[in-house]
Amino acid sequence: MSSVSGAAPASAPGALLLCRAEPAAVRPAAHLLRERMLLAAAGDGWSVLVPATKPWRDDADPVDQVLAGWASALAVGASWPVVALWWDEGRAGYTLASGFRRTVGYVWLADGTAAGEDEAMRTFAARLGLDPVLDLEELDRLTRPDPAADARARLLGLTAVLARAGVALPAGLSPGEPADRLRAVAAATGVEPVEWSGWRDAVRAELDVVEGGVLGPWLVGPRARAVGAAQVAAGVPLVGWGLARRSGGWVAAGAILVAHGALGLAYDRVRGRG
């Protein structure tokens, strides 16, 4: 921690969202936040989102709750985790969101005093696939008393651990800086702006996110077509069998299979062509 000690605490709240995916995969999910963001690559297999707005200034929710909501929204339905780094005048910390699992986080007071649970660090390391010995040891150091390390130094220590997992933030995007400064630095480097563009694009973006996740092969592509065809093939004779025996239950079951398979084939045709 000595290499980052002595850093001044942030004078204003700020935040960064680190996504373990390339910008092309993060972009459609970021649209769903309905907030203006700046998107850039942040290392091997990582992206960073810089908020271009400050909703925590006008709303009742503080910056940590706003970022926890954003991280959860980005991670739901995606196959990659999100690490939200946040800070304000009195505290700093992170929130890790991954799919539908419970989010985990850690908090430091402005002077660097740890105010979180050690179990959160172990869960953090496990979910990100960090080294269970070397990286976890570094994370444990961030929870121990250190008079020379304030909250910003703790965040810089955390990003140093993430650097071994491939994170490389663009020059000037340093945790602990005020939001206005981060936005200005990001805009000057020519990062990609991402903003809300209406419900039609939002629905399309949400479908892109789902199709890019673990369910994607079952919605669009050869596997999806095979499943849809199998459902239709099984449903048609089941309907005939039910009609012959005047069994409403078997007719309904067959009709559901046919309808589900037909919808799947139609979805694949429309989305696959798009």
Side-chain angles (χ1 to χ4, degrees), residues 1 14-30 32-33 37 39-51 63-87 91-108 114-144 151 153-169 173 175-176 206 208-217:
M1 297 297 298
L16 294 170
L17 287 159
L18 297 174
C19 306
R20 197 165 199 175
E22 299 293 341
V26 174
R27 186 184 306 111
L32 302 179
L33 296 179
M37 297 276 175
L39 172 65
D44 184 15
W46 287 84
S47 301
V48 60
L49 285 165
V50 181
V63 62
D64 59 323
Q65 293 185 22
V66 173
L67 266 291
W70 285 352
S72 297
L74 286 168
V76 169
S79 57
W80 34 267
V82 180
V83 180
L85 306 179
W86 58 268
W87 53 92
R91 302 175 304 153
Y94 73 79
T95 299
L96 170 65
S98 180
F100 289 96
R101 289 184 287 187
R102 182 179 62 87
T103 60
V104 296
Y106 203 88
V107 177
W108 295 275
E117 298 180 0
D118 293 346
E119 181 61 31
M121 286 297 191
R122 289 189 285 272
T123 303
F124 180 84
R127 290 189 184 176
L128 291 179
L130 302 178
D131 190 291
V133 178
L134 298 179
D135 290 340
L136 188 56
E137 182 180 351
E138 291 297 320
L139 291 174
D140 283 340
R141 288 180 184 175
L142 298 177
T143 68
R144 300 171 190 165
R154 300 292 198 179
L155 284 183
L156 293 175
L158 181 70
T159 55
V161 175
L162 291 175
R164 294 203 286 269
V167 172
L169 287 170
L173 293 186
E206 187 167 2
D208 287 341
V209 171
V210 175
E211 291 169 8
V214 295
L215 295 178

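We number each residue from 1, following the sequence as shown.
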I need the minimum non-hydrogen distance between [X] and [Y], along with the two atoms involved.
X   : Y   : result
W80 : A25 : CZ2-O, 3.7 Å
V76 : G99 : CG2-O, 3.9 Å
A15 : V63 : CB-CG2, 4.4 Å

Note to self: Taking CZ in R144 as the centre, count heavy atoms belonging to other residues, nucleotides or ligands within less than 6.0 Å. Is the count above 12?
What the structure shows: yes

Next item on the list: State whether the number of non-hydrogen atoms from other residues, nucleotides or ligands found under 6.0 Å of E117 atom CD is greater than 12.
Entry: no

Note to self: Could you walk me through whether W87 and R154 satisfy the side-chain contact (heavy atoms from CB on, under 4.5 Å) test, starting with their C-alpha distance in whole Å, then the side-chain angles of each, then the deciding distance to 0.1 Å, before giving a yes or no?
What the structure shows: CA-CA 11 Å; W87 53 92; R154 300 292 198 179; over 6 Å; no

Could you check whether any side-chain heavy atom of [X] comes within less than 4.5 Å of a side-chain heavy atom of [Y], counting everything from C-beta outward?
X    : Y    : value
E22  : V26  : no
L136 : L130 : no
F124 : L139 : yes
L74  : C19  : yes
S98  : V104 : no
W108 : L155 : yes
E138 : L134 : no
L17  : V48  : no

Notebook entry, point to check: Is a side-chain N or O of S72 found less than 3.5 angstrom from the main chain of G69, in a donor-acceptor match?
Noted result: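 No; zero donor-acceptor contacts below 3.5 Å.
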
Next item on the list: Would you please name every residue forming a side-chain contact (heavy atoms from CB on, under 4.5 Å) with P23, sequence neighbours left out?
Entry: L39, A41, S47

Item checked: For T95, side-chain contact (heavy atoms from CB on, under 4.5 Å) partners two or more places apart -> A68, A84, W86, T103

Next item on the list: I would like to know whether L18 and L169 meet side-chain contact (heavy atoms from CB on, under 4.5 Å); could you show each step before the answer?
Entry: CA-CA 9 Å; L18 297 174; L169 287 170; 3.6 Å; yes

Checklist line | Residue pairs passing the side chain to side chain donor-acceptor pair (under 3.5 Å) test where at least one lies in residues 124-133, sequence neighbours excluded | finding: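 Output for this query is empty, none listed.
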
Notebook entry, point to check: When you look at V50 and L16, which way does the side-chain contact (heavy atoms from CB on, under 4.5 Å) test go after all the steps?
Noted result: CA-CA 5 Å; V50 181; L16 294 170; 3.8 Å; yes

Notebook entry, point to check: Say you draw a straight line from CG of L142 to CG of D118; how long is it, rounded to the nearest 0.5 Å?
Noted result: 11.0 Å

Notebook entry, point to check: If you round to the nearest 0.5 Å, how far is CZ of R101 from OG1 of T123?
Noted result: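 Going from OG1 on T123 over to CZ on R101, the span is 9.5 Å.
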
Check: Which class fits the ring pair Y94 and Y106: parallel under 30°, tilted 30 to 60°, perpendicular over 60°?
Finding: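 Aromatic pair Y94/Y106 classed parallel.
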
Next item on the list: Report the C-alpha distance between L49 and V82 in whole Å, list the side-chain angles of each, state the deciding distance to 0.1 Å, and finish with yes or no for side-chain contact (heavy atoms from CB on, under 4.5 Å).
Entry: CA-CA 10 Å; L49 285 165; V82 180; over 6 Å; no

